[in-house]
Amino acid sequence: MGEVRELEGSREATPARAPGAPDHGLFGPGSVTWRVMSEPVMMVSGLRALLLQALHPRSMWGTAQNSELMDPQAAWHRLARTIEFVRIRTYGSLEEVERVGRRVRRLHARLEGLDLRTGEVFRIDDPENLLWVHMGEVDSYLDIARRAGIGLSDADADRFVDEQRRAAQVVGLDPADVPASVAEMREYYAMMRPKIWACRDAKEGLRRMFNPPVPRPLTPLKLAAPGLTLLVVATLPRWARRMYGLPGLPTSDLAATLALQALHRGSQVVPASLRYSPDARRAQQIMREHSQGHGSLGIAS
């Protein structure tokens, strides 16, 4: 793949970087992605994405068959690697993004899974699987951001989905095959719903979220797990909750939205030095400088 390329045909292509200009990676200060991903409430998105991704049986089987999900130490190491990958993909330089992307692509290329229905062996890096996992992230990030009250217009939402095609390219997908707007994302899910369901491993994964295996030093986190999991489940689409055998009531949607808004408002009283990660603080400083520079040129920020 070489250096992460400008996405052909993207309505929100990676900006060309002039010689000597700062390398802000895939997104940068003008992106919706940087606005969205820094907020603490977005931690709910990652857990929501896991539950959504698990509804594709091959995605779930491939994960369960290639990881030690029940080993607390191994599971937390895997989670830490995933978090680090998302951090670099969001805030890292193009060189850093390419390095972690190459490592992930090599890993996926070596792994296979067994379809427990048909006995067929499948590749983990099958494009359908990669796209399903990608869209689970994108849908979750956008849904939580908008419901929590992170101000995004409809145009912003479309831009966010389009920007995430750059992230899809990092794991080996062709950006031309990835939804580039909210409408296209909805069409994708409408197409996929007849093909997905909650297999036994997916339901077991949901049960473990209420009482997760954690390393001994992190045992106190078990106290927060049931409440957080209830919120995460309530943020899933109604059809996804029903696949898990859970209520898909409109009242659950409203309660989840109100809880997300309360979480987001509550986080705003925490000092920025504690509320945001170092990468997010650096990105916000760059965004402020970018906005001020545009303002000095008479350009609306």
Side-chain angles (χ1 to χ4, degrees), residues 1 3-15 24-39 41-53 56 59 82-94 96-98 100-102 104-105 108 125 127-148 150-192 235-237 279-280 283 287:
M1 179 171 156
E3 183 177 71
V4 178
R5 302 183 300 274
E6 180 173 327
L7 302 186
E8 296 180 4
S10 175
R11 282 165 270 170
E12 187 64 32
T14 305
H24 295 312
L26 294 183
F27 304 110
S31 68
V32 179
T33 297
W34 272 19
R35 285 171 50 196
V36 165
M37 296 299 290
S38 63
E39 295 298 335
V41 73
M42 296 302 289
M43 69 177 182
V44 178
S45 306
L47 298 174
R48 180 188 188 274
L50 291 176
L51 291 179
L52 199 54
Q53 291 161 349
H56 192 299
S59 179
T82 300
I83 292 172
E84 177 66 1
F85 173 74
V86 173
R87 181 191 72 80
I88 294 175
R89 188 182 64 190
T90 304
Y91 298 114
S93 67
L94 290 175
E96 291 170 327
V97 171
E98 170 55 18
V100 298
R102 185 165 55 245
V104 166
R105 294 192 300 274
H108 288 169
D125 63 356
E128 179 178 308
N129 181 52
L130 293 179
L131 182 57
W132 176 257
V133 171
H134 170 75
M135 296 313 301
E137 288 189 52
V138 177
D139 182 76
S140 295
Y141 293 147
L142 187 58
D143 181 76
I144 297 303
R146 301 197 81 177
R147 293 169 69 179
I150 299 172
L152 296 177
S153 66
D154 290 345
D156 290 334
D158 281 335
R159 281 185 59 203
F160 178 79
V161 176
D162 191 23
E163 289 171 5
Q164 292 306 303
R165 294 204 287 167
R166 306 169 196 168
Q169 188 173 4
V170 174
V171 297
L173 286 165
D174 182 343
D177 298 331
V178 179
S181 68
V182 172
E184 290 179 12
M185 184 166 66
R186 288 175 181 157
E187 292 173 2
Y188 168 78
Y189 275 106
M191 176 192 70
M192 290 298 296
T235 67
L236 287 170
D279 290 292
M287 285 190 289

Self-check item: Of all pairs that satisfy salt bridge (charged side-chain N to carboxylate O under 4.0 Å, His left out), the ones with a partner from residues 43-53, not counting sequence neighbours
Solution: Arg48-Asp139, Arg48-Asp143

Donor-acceptor contact present, side-chain [X] to main-chain [Y], <3.5 Å:
X	Y	result
Ser38	Ala280	no
Glu163	Val32	yes
Arg147	Thr235	yes
Asp162	Ser181	no

In Å, rounded to the nearest 0.5 Å, how long is the span from [atom1] of [X] to [atom2] of [Y]?
X	Y	atom1	atom2	result
Leu26	Arg165	CG	CZ	13.5 Å
Ser93	Glu98	OG	CD	10.5 Å
Met135	Ser140	CE	OG	10.0 Å
Leu142	Gln164	CG	CD	9.5 Å
Leu47	Leu236	CG	CG	10.5 Å

Only counting residues at least two apart or in another chain, list the ones meeting salt bridge (charged side-chain N to carboxylate O under 4.0 Å, His left out) with [X].
X	value
Glu128	Lys195
Glu84	Arg87
Glu137	Arg89

[X]: side chain to side chain contact (heavy atoms under 4.5 Å, CB included) partners, not counting sequence neighbours:
X	answer
Asp174	Ala176, Asp177
Asn129	Ser59, Ile124, Asp126, Val133
Val100	Phe85, Ile88, Arg103
Ala148	Val41, Leu260, His264

Quick one: closest heavy-atom pair of [X] and [Y], and the distance?
X	Y	result
Leu52	Tyr189	CD2-OH, 3.5 Å
His24	Pro29	CD2-CD, 3.5 Å
Glu39	Arg35	CG-O, 4.4 Å

pair [X]-[Y]: side-chain heavy atoms closer than 4.5 Å:
X	Y	result
Leu152	Val36	yes
Val178	Gln169	no
Leu131	Pro179	yes
Ile150	Met37	no
Arg166	Thr33	no
Val104	Val170	no

Quiz item: Taking the inter-plane angle between the rings of Phe160 and Tyr141 on a 0 to 90° scale, is it parallel (under 30°), tilted (30 to 60°) or perpendicular (over 60°)?
Solution: perpendicular

Residues which pass side chain to side chain donor-acceptor pair (under 3.5 Å) with [X], listed by chain and number, not counting sequence neighbours:
X	value
Asp125	Arg123
Gln53	none
Tyr91	none
Thr82	none

Practice problem: Evaluate the criterion side chain to side chain contact (heavy atoms under 4.5 Å, CB included) for residue pair His134 and Leu173; output intermediate values, then yes/no. | Solution: CA-CA 9 Å; His134 170 75; Leu173 286 165; 4.2 Å; yes

